[in-house]
Visitor: 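Dropping a structure here in structure tokens format, bear with me for questions.
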Amino acid sequence: MSQVVTRIAPSPTGFMHIGTARTALFNWLYARGRDGKFYIRIEDTDRKRSTEEANKVIINGLNWLGLNYDGDIISQFERAPRHVEIAEALLKNKKAYKCYSSPEEIQNFKENAKKSGASTLFKSPWRNVDPSEHPDSPYVIRIKSPETGVTNIQDEVQGDIIIKNNQLDDMVLLRSDGSPVYMLAVVVDDHDMGVTHVIRGDDHLNNAARQNLIYHAMGWNIPVYAHIPLIHGEDGKKMSKRLGATSIEEYEREGYPASGVRNYLARLGWSHGDEEYFTDQQALEWFNLDNIGKSPARFNLKKLQFLSGQHIKNTDDAALINEVKNFLKYDKNGSISEDKVELLNASLYCLKDKVKTFSELIDKAAFIFVNIPIKMSHDASLNLDEDAIKMLRTLTLHLSNATWTRDDLEQICNRVSEISGVKFGKLASPIRAALSGQTKTPSVFDMMLVLGRDETIARLNSVQGF
RNA sequence: GGCCCGUUCGUCUAUCGGUUAGGACGCCAGGUUUUCAACCUGGAAAGACGAGUUCGAUUCUCGUACGGGCUACCA
């Protein structure tokens, strides 16, 4: 079999929908897993919607998700002359015809048909009129769809779908202003781009029958179809902005790792036995069309979070630091200085196993980013009463000649809590407050280890008023 | 209205006629514990409904209900 070619064909709406991202991922996995090509084509024939900015949003989304594409991005709009050329070829072959019915006429017909309960399928009276009788007025070009028989869609996901040809109207190919219609453009572009596998949302399933008409009329090979069910929101309805994020950029902003999003999106509607967590390599190796489900899947944030946590845990430190730095441009901290990066790197061992997002990681690493004098949260300050300060004073003394290993620190802390006649928990809270100004932090030992002796003692002193 | 598609624990799914219907997230209980987490152990939890085919249906067929899509000179 020849090389696999897939494509993602988003329309420039100004943001990248999570569903578009998943479709892109499926196409990318299918192509890249088979040494094939993956292209982007922007469906910008509707000029009202498209802007440079909107294209950029799509490209940024794809880049962030790590879906690299081949060649240049293709603009459907720019290919209009070629679409017209095909429409004219069809006209010449008598596979299409000029229709002079006005929009008002058609509108009236449909309204009447609806009222009387008859089929609303418009049958143009111009279908078989000889060109010599054509008026000199605006016209559209319509395809001649077969009046009898059936059109068969062979779909890798949905199975064989049979649509009766009498359900298909003579769709418009070229508008009266001469511009091509989407249905024509898709077929021509897919054919010209050599697309072998059309993996797209199942809202196009019915359209596939119409598109097949054009393939047949041109004598072109029909691509392999895989119409995948759309993603729904947590409530089972279409994903809306009201419930959760719909654009891929929001997940980036919130600090989800791209690898986790890839894993989650791939697993949503597709499966490989019981595998839930997998790497890109595994996804590439395993992904196929056979195991895509037929029913729409609901988006579930908790599972995304779980998987994201797993991916962060399994990312090596150097790569993780890079991703976090990149994420920081969305965080209020902005960028961070090199010495803080070093501290962050040193603390990864006690952070990355426990967080689900980069933003959570930064939160937990807050003790790194504060400086003396440390601003106390209200809850933290409650842990610094007189008795506590006294304990900290004792602790500071013992700490000055500690060897600064975990064992040693634990021993010292235990001794101090013993001397003070309290359980370790009573001592840990003030330490935590002094070191971070917060009540939720990594273990006090981890903080001491990361901060080092000088900084630890300085912070402890600072709450004692030194 | 017509046509097309779908329906297994709350959610994502496994099962390709015979299973105590499996896994994962989430949830609940217990454990670990210096906070928050993370982690460990255990638990509850599903074949939309009704017929038919069959020795036997979650699985095959039909119907109903519910959900979704298409039915544009939108994409």
Side-chain angles (χ1 to χ4, degrees), chain A residues 9-13 43-46 48-49 76 99 101-103 106-107 110 113-115 117-122 138-142 153 155 157-159 161-164 166-169 171-177 179-183 185-186 201-207 209-210 227 229-230 232 234 236-238 264 267-277 291 293-307 309 313 350-351 353-356 360 363-364 379-380 383 413 417 423-429 431-433 436 438-445:
Chain A
S11 34
T13 54
E43 314 238 296
D44 51 0
T45 55
D46 183 0
K48 279 169 293 204
R49 300 193 192 177
Q76 189 158 67
C99 168
S101 297
S102 70
I106 298 170
Q107 183 76 10
K110 293 207 170 175
K114 209 161 212 174
K115 262 182 234 162
S119 166
T120 57
L121 233 56
F122 176 68
Y139 61 86
V140 297
I141 295 181
R142 309 185 94 107
I153 307 164
D155 193 279
V157 174
Q158 309 286 343
I161 311 298
I162 292 162
I163 296 191
K164 294 184 197 72
N166 61 20
Q167 296 293 323
L168 269 22
D169 61 353
M171 65 175 168
V172 171
L173 262 21
L174 243 44
R175 299 187 184 94
S176 52
D177 66 0
S179 67
V181 125
Y182 160 80
M183 215 69 84
V186 181
D202 69 2
D203 49 335
H204 288 291
L205 183 57
N206 286 283
N207 289 336
R210 280 170 246 281
H227 286 95
L230 269 13
H232 286 183
E234 309 234 16
K237 304 272 187 238
K238 258 191 186 172
Y264 177 70
R267 185 65 183 68
L268 194 61
W270 169 81
S271 62
H272 183 78
D274 282 341
E275 303 290 345
E276 301 284 346
Y277 170 89
N291 294 311
K294 288 180 157 196
S295 54
R298 295 185 189 199
F299 192 87
N300 186 256
L301 196 62
K302 291 278 196 213
K303 192 147 186 179
L304 201 215
Q305 290 174 339
F306 171 79
L307 252 12
K313 184 201 289 195
C350 67
L351 296 173
D353 288 3
K354 304 170 184 168
V355 300
K356 296 177 166 70
E360 204 182 325
D363 255 21
K364 279 209 183 320
D379 288 349
N383 291 315
C413 285
S417 53
K423 284 197 167 173
F424 174 61
K426 273 279 178 208
L427 173 61
S429 298
I431 300 177
R432 171 167 299 109
S436 68
Q438 312 225 295
T439 53
K440 298 174 188 174
T441 73
S443 131
V444 293
F445 300 119

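Being a predicted model, the structure only gives us computed values, none of them experimental. Numbered from 1 within each chain, the chains take letters A, B, ... in sequence-line order. Any value given below was found using the heavy atoms of this structure, including those in side chains, with hydrogens, waters and symmetry copies removed.
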Visitor: Using a 4.0 Å heavy-atom cut-off, does A/Met183 contact any base of the nucleic acid, only the sugar-phosphate backbone, or nothing at all?
Guide: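 Base contact.
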
Visitor: Any donor-acceptor pair, under 3.5 Å, between the side chain of A/Asp202 and the base of B/rG69, if you only look at N and O atoms?
Guide: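 When only heavy-atom distances are counted, A/Asp202 does not reach the base of B/rG69 through any donor-acceptor pair under 3.5 Å.
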
Visitor: Side chain of A/Lys440 only, please: which of B/rU35, B/rC4, B/rG26 is the nearest?
Guide: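 The answer is B/rU35, which lies nearest to the side chain.
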
Visitor: Could you tell me whether A/Ser295 contacts a base, only the sugar-phosphate backbone, or nothing, with contacts defined as non-hydrogen atoms closer than 4.0 Å?
Guide: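 If one applies the 4.0 Å heavy-atom cut-off, A/Ser295 turns out to touch the sugar-phosphate alone, with no base involved.
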
Visitor: List for me each residue that meets side chain to side chain contact (heavy atoms under 4.5 Å, CB included) alongside A/Ser101, sequence neighbours excluded, and say none if there are none.
Guide: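 If we apply the side chain to side chain contact (heavy atoms under 4.5 Å, CB included) test to A/Ser101, skipping adjacent residues, the hits are A/Cys99, A/Glu105, A/Ile106, A/Phe122, A/Ser124, A/Pro125, A/Trp126.
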
Visitor: Identify the nucleotide, in any strand shown, that forms a Watson-Crick or G-U wobble pair with B/rG10, with both distances under 3.5 Å; if there is none, say none.
Guide: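 For B/rG10, the partner nucleotide comes out as B/rC25, under the 3.5 Å rule.
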
Visitor: Within the structure shown, what part of the strands sits under 4.0 Å from A/Ser443 by heavy-atom distance: base, sugar-phosphate, or nothing?
Guide: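 It contacts base atoms.
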
Visitor: Which base, if any, makes a Watson-Crick or G-U wobble pair with B/rU19, both distances under 3.5 Å?
Guide: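 Checking every strand shown, B/rU19 finds no partner, since no pair has both distances under 3.5 Å.
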
Visitor: Measure from CG on A/Leu307 to C1' on B/rU13 and round the result to the nearest Å.
Guide: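 About 13 Å, once rounded to whole Å.
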
Visitor: Touch check for A/His204, heavy atoms < 4.0 angstrom, all strands: base, sugar-phosphate only, or nothing?
Guide: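 Here A/His204 touches the bases of the nucleic acid.
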
Visitor: Taking the same atom, P, in B/rG52 and in B/rU13, what whole-Å distance lies between them?
Guide: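 My reading of the P atoms in B/rG52 and B/rU13 gives 32 Å.
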
Visitor: Rounded off to whole Å, could you give me the CD-to-P distance for the A/Gln167 and B/rU71 pair?
Guide: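 It is 13 Å, rounded to the nearest whole Å.
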
Visitor: So, for A/Tyr264 and A/Phe299, is the gap between ring centers shorter than 6.0 Å?
Guide: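 So the answer is yes for these two rings.
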
Visitor: Strictly below 4.0 Å: does A/Arg267 bring a side-chain N or O up to OP1 or OP2 of B/rC25?
Guide: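 For A/Arg267, the contact criterion (side-chain N or O under 4.0 Å from OP1 or OP2 of B/rC25) is not met.
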
Visitor: Give A/Gly236 one of three labels, base, sugar-phosphate or nothing, depending on what nucleic acid heavy atoms sit under 4.0 Å from its own.
Guide: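 Result for A/Gly236 = nothing.
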
Visitor: For A/Asn207, report the nucleic acid contact type (base, sugar-phosphate, nothing); a contact means any heavy atom under 4.0 Å.
Guide: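 Since a base atom lies under 4.0 Å of A/Asn207, the category is base.
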
Visitor: Has the side chain of A/Arg298 got a donor or acceptor atom sitting under 3.5 Å from an opposite partner on the base of B/rU11?
Guide: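 Result: no qualifying N/O pair found.
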
Visitor: For atom P, what is the distance between B/rC16 and B/rG50, given to the nearest Å?
Guide: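 Pairwise P distance, B/rC16 against B/rG50, rounds to 25 Å.
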
Visitor: In whole angstroms, how far is the P atom of B/rA72 from the CZ atom of A/Arg142?
Guide: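 In whole Å, B/rA72 P and A/Arg142 CZ are 10 Å from each other.
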
Visitor: Once hydrogens and angles are ignored, does a donor-acceptor distance under 3.5 Å link the base of B/rA24 to the side chain of A/Lys303?
Guide: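 Indeed, a donor on one side and an acceptor on the other fall under 3.5 Å apart.
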
Visitor: Could one point to a donor on the side chain of A/Glu276 or the base of B/rG23 with an acceptor on the other under 3.5 Å away?
Guide: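 Yes, the side chain and the base share a sub-3.5 Å donor-acceptor pair.
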
Visitor: Side-chain donor or acceptor of A/Lys354 under 3.5 Å from a matching atom on the base of B/rC36?
Guide: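 For A/Lys354, whose side chain was compared with the base of B/rC36, there is no donor-acceptor pair (under 3.5 Å).
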
Visitor: Do A/Lys356 and A/Leu304 have side chains that get closer than 4.5 Å, going by heavy atoms?
Guide: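 Of all side-chain heavy-atom pairs linking A/Leu304 with A/Lys356, none is under 4.5 Å.
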
Visitor: If you assign A/Leu121 and A/Ile162 each to the RNA chain B nucleotide with the nearest heavy atom, which residue ends up on the more 5' nucleotide?
Guide: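 The residue closer to the strand's 5' end, by nearest nucleotide, is A/Ile162.
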
Visitor: When the C1' atoms of B/rG6 and B/rG43 are considered, how many whole Å apart are they?
Guide: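 Nearest-Å result for B/rG6 against B/rG43 at atom C1': 33 Å.
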
Visitor: If we take the C1' atom in both B/rU59 and B/rU15, what is their distance in whole Å?
Guide: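 Pairwise C1' distance, B/rU59 against B/rU15, rounds to 8 Å.
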
Visitor: In whole Å, what separates the C1' atom of B/rU35 from that of B/rA45?
Guide: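 Their C1' atoms lie roughly 33 Å apart.
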
Visitor: Quick check: closest heavy atoms across A/Leu230 and A/Gly201, and the distance to 0.1 Å?
Guide: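 Of all heavy-atom pairs spanning A/Leu230 and A/Gly201, the closest is CD1-CA, 3.7 Å.
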
Visitor: Report the distance from atom CG of A/Leu205 to atom P of B/rG68, rounded to the nearest whole Å.
Guide: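 To the nearest whole Å, that distance equals 17 Å.
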
Visitor: Contact class for A/Ser101 vs. all strands (heavy atom < 4.0 Å): base, sugar-phosphate, or nothing?
Guide: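 Base, at least one base heavy atom under 4.0 Å.
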
Visitor: What does A/Lys356 touch in the nucleic acid at a heavy-atom separation under 4.0 angstrom: a base, only the sugar-phosphate, or nothing?
Guide: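 Sugar-phosphate, no base atom in range.
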
Visitor: Between A/Asp44 and A/Gln76 (side chain of the first, backbone of the second, donor and acceptor by atom type, cut-off under 3.5 Å), is there such a pair?
Guide: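 Yes; judged by distance alone, with no hydrogens or angles, the pair exists.
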
Visitor: Would you mind classifying the nucleic acid contact of A/Phe424 as base, sugar-phosphate or nothing, using non-hydrogen atoms under 4.0 angstrom?
Guide: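 The residue A/Phe424 makes base contact.
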
Visitor: To the nearest 0.5 angstrom, please state how far the CG atom of A/Leu307 sits from the NZ atom of A/Lys302.
Guide: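 Answer rounded to 0.5 Å: 15.0 Å.
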
Visitor: Using the P atoms only, state how far B/rA46 lies from B/rG22, rounded to an integer number of Å.
Guide: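 To the nearest whole Å, 11 Å.
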
Visitor: Among B/rC4, B/rA72, B/rG68, find the nucleotide with the atom closest to the side chain of A/Lys110.
Guide: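 Nearest nucleotide to the side chain: B/rA72.
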
Visitor: Whole Å only: how far is the CZ atom of A/Arg210 from the C1' atom of B/rC3?
Guide: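 Taking CZ of A/Arg210 and C1' of B/rC3, I get 9 Å after rounding.
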
Visitor: Specify the separation, in whole Å, of atom OH of A/Tyr264 and atom P of B/rA24.
Guide: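 Roughly 17 Å, once rounded to whole Å.
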
Visitor: Which residues pass the side chain to side chain contact (heavy atoms under 4.5 Å, CB included) test with A/Lys364, sequence neighbours left out?
Guide: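 With sequence neighbours excluded, A/Lys364 shows a side chain to side chain contact (heavy atoms under 4.5 Å, CB included) to A/Leu351, A/Lys354, A/Val355, given in chain and number order.
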
Visitor: Above 12 or not: heavy atoms from other molecules or residues under 6.0 Å from OH of A/Tyr182?
Guide: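 Enclosed.
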
Visitor: Please classify the nucleic acid contact of A/Pro229 as base, sugar-phosphate, or nothing, using heavy-atom distances under 4.0 Å.
Guide: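 Nothing, no nucleic acid heavy atom in range.
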
Visitor: Across the strands shown, which category fits A/Val172 at heavy-atom distances under 4.0 angstrom: base, sugar-phosphate, nothing?
Guide: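 Sugar-phosphate: the residue A/Val172, judged by heavy atoms under 4.0 Å, touches backbone atoms but no base.
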
Visitor: OP1 or OP2 of B/rC36 less than 4.0 angstrom from a side-chain nitrogen or oxygen of A/Thr441, does that happen here?
Guide: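 No.
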
Visitor: In whole angstrom, give the distance that lies between atom CG of A/Asn383 and atom P of B/rU34.
Guide: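 So the two atoms are 15 Å apart, to the nearest Å.
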
Visitor: In whole Å, measure the gap between the P atoms of B/rG47 and B/rC9 for me.
Guide: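 Rounded to whole Å, the distance is 7 Å.
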
Visitor: If pairing requires Watson-Crick or G-U wobble contacts with both distances under 3.5 Å, which nucleotide is the partner of B/rU61?
Guide: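 Matched B/rU61 with B/rA51 under the 3.5 Å cut-off.
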
Visitor: Write down the distance between CG (A/Leu304) and C1' (B/rU13), rounded to a whole number of angstrom.
Guide: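 Spelled out: CG on A/Leu304 to C1' on B/rU13 is 16 Å.
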
Visitor: According to the Watson-Crick and G-U wobble definitions, with both distances under 3.5 Å, which nucleotide is paired to B/rA45?
Guide: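 B/rA45 is unpaired by these criteria.
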
Visitor: Could you tell me whether A/Lys364 contacts a base, only the sugar-phosphate backbone, or nothing, with contacts defined as non-hydrogen atoms closer than 4.0 Å?
Guide: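 Contact class for A/Lys364: base.
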
Visitor: Quiz question: going by heavy-atom distance under 3.5 Å, is there a donor-acceptor pair between the base of B/rC73 and the side chain of A/Ser176?
Guide: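 Between B/rC73 and A/Ser176, which were checked side chain against base, a qualifying N/O pair under 3.5 Å is present.
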
Visitor: Can you see if the side chain of A/Thr120 gets near the phosphate of B/rG2 - specifically, an N or O under 4.0 Å from OP1 or OP2?
Guide: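 No.
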
Visitor: Reckon A/Phe445 touches a base, only the sugar-phosphate, or nothing at all at heavy-atom distances under 4.0 Å?
Guide: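 Base, at least one base atom sits under 4.0 Å.
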
Visitor: What does B/rC39 pair with, Watson-Crick or G-U, if both distances are under 3.5 Å?
Guide: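 When the pairing criteria are applied, B/rG31 turns out to be the nucleotide that pairs with B/rC39.
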
Visitor: Evaluate the side-chain proximity of A/Gln158 to A/Asp202: yes if any heavy-atom separation is below 4.5 Å, no if none is.
Guide: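 Answer yes - side chains close enough.
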
Visitor: In Watson-Crick or G-U wobble terms, both distances under 3.5 Å, what is the partner of B/rG67?
Guide: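 The answer is B/rC5, by the H-bond criterion.
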
Visitor: Go nucleotide by nucleotide along RNA chain B from the 5' end; which of A/Ala297 and A/Lys294 gets its closest nucleotide reached first?
Guide: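 Between the two, 5'-proximity favours A/Lys294.
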
Visitor: Using the P atom on both, measure B/rU61 against B/rU53 and round to a whole Å.
Guide: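 To the nearest whole Å, 15 Å.
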
Visitor: Measuring only between side-chain heavy atoms, which start at C-beta, is A/Arg432 closer than 4.5 Å to A/Val444?
Guide: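 In short, these two side chains touch, coming nearer than 4.5 Å.
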
